[in-house]
Every structure is written in C-alpha cells, then in structure tokens.
Amino acid sequence: MKKSKVIVPIMVVVAVLATIILNKEDYNEVTIINKILIIAGAAIVSSIIGYFLLGSDIDKIDPKPMNNTFNNKKGNSK
C-alpha cells in the first residue's frame, strides 16, 4: 500500500473537520478567505506529518522466525 492511499484520506478528514469547526457561530468574525487558508493549511500540515510518521515503507513486515525461541529458553528443553 502506498502512502498516498493513506495521506489523501487524512487530508480530507482534516479539511472536513476544520470546515465544521470553523462554521460554528463562535467564528463568525473570521472572514471566508481566512477560513479557506486555515482549512488548506491544516490539510497540508496534517499530510506532511502523516507522510513522515508512516515511514519509508509501510508494507515492510519482519519475516516470521523459523524457530520458536519463546518456548526454548535455557532449562526448558524438550
């Protein structure tokens, strides 16, 4: 799975939530252009944070160990 499959939904969710919050009556004094800038900035910042937190390869998984070292401790031989 590529990062863009995760980052784009993060941007959409943040933009929708920012729109809902900014449309409350408490923020009537904020002009529409400032609301748009806040929403766009929030979406961009959240995507940048998500890009770095996802790491370089999100599909990379450690291989399954061949021997079960959890039960083969010293003194516990079979």
Side-chain angles (χ1 to χ4, degrees):
M1 183 166 66
K2 296 191 179 208
K3 289 184 194 180
S4 62
K5 290 183 181 179
V6 178
I7 291 176
V8 173
I10 289 172
M11 290 178 68
V12 171
V13 168
V14 169
V16 168
L17 290 174
T19 304
I20 291 171
I21 291 172
L22 287 173
N23 283 333
K24 290 184 179 179
E25 289 194 23
D26 296 341
Y27 303 106
N28 283 336
E29 298 171 356
V30 180
T31 61
I32 189 72
I33 190 70
N34 287 337
K35 286 181 183 181
I36 292 170
L37 290 172
I38 291 170
I39 292 167
I44 291 170
V45 168
S46 67
S47 66
I48 291 170
I49 292 171
Y51 179 82
F52 287 115
L53 288 178
L54 286 175
S56 62
D57 189 13
I58 58 175
D59 283 336
K60 188 175 182 181
I61 299 174
D62 292 337
K64 186 174 180 180
M66 297 303 289
N67 56 359
N68 192 352
T69 58
F70 182 75
N71 291 328
N72 293 335
K73 295 179 182 177
K74 268 189 173 177
N76 188 13
S77 61
K78 292 183 178 181

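This one's a predicted model, so the numbers in the text were calculated from it and none came from an experiment.
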Distance check, rounded to the nearest 0.5 Å: Phe52 atom CZ versus Ser47 atom OG? 10.0 Å
Would you list the pairs meeting side-chain hydrogen bond (donor to acceptor under 3.5 Å, both in side chains) in which at least one residue belongs to residues 13-35, sequence neighbours left out? Thr31-Asn34
Under a 4.5 Å side-chain heavy-atom rule over Ile, Leu, Val, Met, Phe, Trp and Tyr, are Leu22 and Val16 clustered together? no
Side-chain heavy atoms under 4.5 angstrom apart, residues restricted to Ile, Leu, Val, Met, Phe, Trp, Tyr: same cluster for Ile20 and Val12? yes
Leu17: partners by side-chain contact (heavy atoms from CB on, under 4.5 Å), with sequence neighbours left out: Val13
Looking only at heavy atoms, what is the nearest atom pair of Ile39 and Ala18, with distance? CG1-CB, 3.9 Å
Those residues at least two apart in sequence (or on a different chain) that pass side-chain contact (heavy atoms from CB on, under 4.5 Å) with Ile44 are Ile48
